[in-house]
Amino acid sequence: MEQLTDQKAIDYLTHLGQFGRLENGGVTRFVYDDAWIAAMNHVLRDARTRGMAASVDSYGNGFMTYQGKTADQVVAAGSHIDTVNQGGLYDGAYGVTAAVLAMSSLVAEFGQPKKTMTAVAFSEEEGSRFPTSFSGSKHYAGVTETAADLQDHQGMTFGQARQSAVSQLAKTWPVIEQPLPIEFLELHIEQGPILEEKGLSVGIVSAICEQKRFTVTVRGQTNHAGTTPQHLRRDALKAAAKLICDLDEAAGKIGEPLVFTVGELTVQPGSSNVIPGLVKFSVDVRHPDKQIVDQFEALLRKKASQTPKVTVQVDRWLDSRPAIMDARLKHQFEQLIAKRGLAYMTLPSGAGHDTQIMNLKVPTAMLFVPSRNGISHSPKEYTAPADLETGITILKAQLYQECY
């Protein structure tokens, strides 16, 4: 089986990274924005030049397919093309890159597969624009539909943004709802330091952690900063800060591998001489054990209800169950890696991925390649070209066994 060159993956990622590119070398590409539409068009056009049938569904998920001799059996692989604010070139995009390059290389070398191979570019995974995550894979898997009335920070609804973006794509690409595959594979950068620390070029994911996300709204009373005595203040920001510190202390007592993050905080009215009357902040909590995450949610709600002088509302908008990878597919990855004389390890994923949604309906497996210094969700995100190529080579071998 022919090896892919390191440069092919870098070229693909670099071209895709032009859509939403920032001056600092990072990428901001939110679902359904102009950069996202341009990126999806680029991915589909590239697939068409490779002889793949290209289409989208009603959520704007991109599908790039080599028809197999057994048309009703589809093996899918891929990831998402949206990014966080000021993200990097690799998160999500590498999984799309790997699927397209591995499949096109197989067809060039061995011709038409027995089973249909489909590379998937999911519309959204990050939750960066709307208060929801995995909307693309949830639709494809038939898990749930995203509420049309969800709003971004500019007041645009999910339904409006989706309709506008998909209607633009539909000018060039057929809109076709796709059947579920018989299995789903995803290749991803680790987004953590473990593989690099151990000097390994590949890792096999055992499971994806339980993850919950919340929006916490603290309502106090806006008032004059100079005339309101301290003991009469209902300061929403001070109450929010105290609550965040209490939660962080509680997370430390529970201990690793639980992780707790507040990544967004907004203050209204946002003036230096006005006591804040309204604060919203995000909470992200993860652990491989669902019971631990449930315990932390109960603690969050208890502390919120006990916060004095203000009212606190806790809205959970993401609750993703732990996803255990398929034993057969995982074992097959192990054999393929060992056959090439590569050292590897098996590890859980602390980050969420589209695979955990697909896992609700079909067998899944996932590979990691190292992230330099464990950095991700940043313009400094980087994986060495040789490691990119190693991951794609293993994925290609897995697809060959499954589809040929």
Side-chain angles (χ1 to χ4, degrees), residues 12 40 43-44 46-48 50-82 92-107 110 112-125 134-143 173-188 204-205 208 323 325-326 328-330 332-333 336 349 352-368 391-392 394-404:
Y12 193 104
M40 187 62 76
V43 167
L44 296 171
D46 172 86
R48 187 167 58 188
R50 300 172 187 271
M52 306 175 90
S55 66
V56 296
D57 65 12
S58 60
Y59 269 58
N61 292 314
F63 298 91
M64 298 149 282
T65 298
Y66 287 115
Q67 190 72 35
K69 297 173 184 176
T70 307
D72 61 340
Q73 290 192 308
V74 179
V75 174
S79 195
H80 58 97
I81 67 164
D82 70 312
Y94 174 52
V96 178
T97 301
V100 170
L101 293 184
M103 291 178 187
S104 59
S105 179
L106 283 170
V107 170
F110 301 106
Q112 184 182 18
K114 293 178 182 177
K115 297 176 183 175
T116 295
M117 297 189 297
T118 295
V120 184
F122 286 115
S123 57
E124 183 275 325
E125 184 257 21
F134 312 111
S135 59
S137 51
K138 284 177 179 176
H139 173 72
Y140 177 40
V143 172
W173 312 104
V175 180
I176 304 170
E177 298 300 325
Q178 299 289 328
L180 276 174
I182 59 173
E183 62 193 53
F184 181 79
L185 309 171
E186 185 171 6
L187 188 51
H188 210 281
I204 301 173
V205 176
I208 300 174
M325 297 300 103
D326 180 75
R328 181 186 71 85
L329 293 172
K330 190 162 73 72
Q332 198 160 280
F333 269 140
L336 291 169
S349 173
H353 301 286
D354 291 299
T355 290
Q356 70 195 73
I357 303 301
M358 299 303 296
N359 180 266
L360 296 171
K361 293 296 185 73
V362 301
T364 59
M366 193 168 187
L367 285 180
F368 279 164
I392 297 173
I394 301 302
L395 177 63
K396 179 182 174 182
Q398 179 86 314
L399 287 167
Y400 177 81
Q401 289 205 186
E402 295 298 290
C403 300
Y404 284 85

Item to check | Worked check of side-chain contact (heavy atoms from CB on, under 4.5 Å) between V96 and Y12 | outcome: CA-CA 10 Å; V96 178; Y12 193 104; 4.1 Å; yes

Checklist entry - Would K115 and I182 count as a side-chain contact (heavy atoms from CB on, under 4.5 Å) if you check the C-alpha gap in whole Å, the side-chain angles of each, and the deciding distance to 0.1 Å? => result CA-CA 10 Å; K115 297 176 183 175; I182 59 173; 4.0 Å; yes

Checklist entry - Stepwise, does the side-chain contact (heavy atoms from CB on, under 4.5 Å) test hold for S58 with E177? => result CA-CA 7 Å; S58 60; E177 298 300 325; 2.7 Å; yes

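Heavy atoms only, all atoms of each residue included: G62 and L44 are closest at CA-CD2, 4.2 Å. The shortest non-hydrogen separation linking M40 to G60 is CE-O, 3.2 Å. A99 approaches A77 most closely through the heavy-atom pair CB-O, 3.5 Å. In terms of heavy atoms, G391 sits closest to L367 at O-CD1, 4.3 Å. Nearest heavy-atom pair across L329 and L185 is CD1-CD2, 4.2 Å. Taking each heavy atom of L187 and A98 in turn, the nearest pair found is CD2-CB, 3.4 Å.
F184 is not listed as a side-chain neighbour of T118, based on a closest heavy-atom distance of 4.5 Å or more. Side-chain contact between F63 and V120: present, with at least one pair of heavy atoms (C-beta onward) separated by less than 4.5 Å. Two residues are said to be in side-chain contact when any heavy atoms from C-beta on lie closer than 4.5 Å; F122 and E186 fail this criterion. For the pair W173/S55, no side-chain contact is recorded, criterion being any heavy-atom separation below 4.5 Å from C-beta on. Residues E402 and M117 fail the side-chain proximity criterion, which asks for heavy atoms closer than 4.5 Å. Using a 4.5 Å heavy-atom cutoff, the side chains of V100 and R50 are in contact. Side-chain contact between M52 and T65 is absent, with no heavy atoms from C-beta onward closer than 4.5 Å. At a threshold of 4.5 Å between non-hydrogen side-chain atoms, the residues P181 and M358 count as touching.
Between E183 and R328, at least one side-chain nitrogen of the basic residue sits less than 4.0 Å from a carboxylate oxygen of the acidic one, meeting the salt-bridge criterion. We find that D326 and K330 are not joined by a salt bridge, their nearest charged nitrogen and carboxylate oxygen being 4.0 Å or further apart.
To the nearest 0.5 angstrom, T97 atom OG1 is 11.5 Å from L395 atom CG. Interatomic distance, S349 OG to F368 CZ, rounded to the nearest 0.5 Å: 3.5 Å. Of the inter-residue distances, the one linking Y66 atom OH with Q112 atom CD reads 12.0 Å to the nearest 0.5 angstrom. The CG atom of N61 sits 13.0 Å away from atom NZ of K138, with the distance rounded to the nearest 0.5 Å. Expressed to the nearest 0.5 Å, how far CD of Q356 lies from CE of M325 amounts to 8.0 Å. Atoms CG and CG, on D354 and N359 in that order, are 12.0 Å from each other to the nearest 0.5 Å.
Panel note: side chain K361, backbone L180; no donor-acceptor pair is recorded below 3.5 Å. Remark: the backbone N or O of E125 is paired with a side-chain donor or acceptor of D82 at under 3.5 angstrom.
Note: F110 and Y400 have tilted aromatic rings, judged against thresholds of 30 and 60 degrees for the angle between ring planes.
Listed by chain and number, the residues in a side chain to side chain donor-acceptor pair (under 3.5 Å) with S135 are E124 (sequence neighbours excluded).
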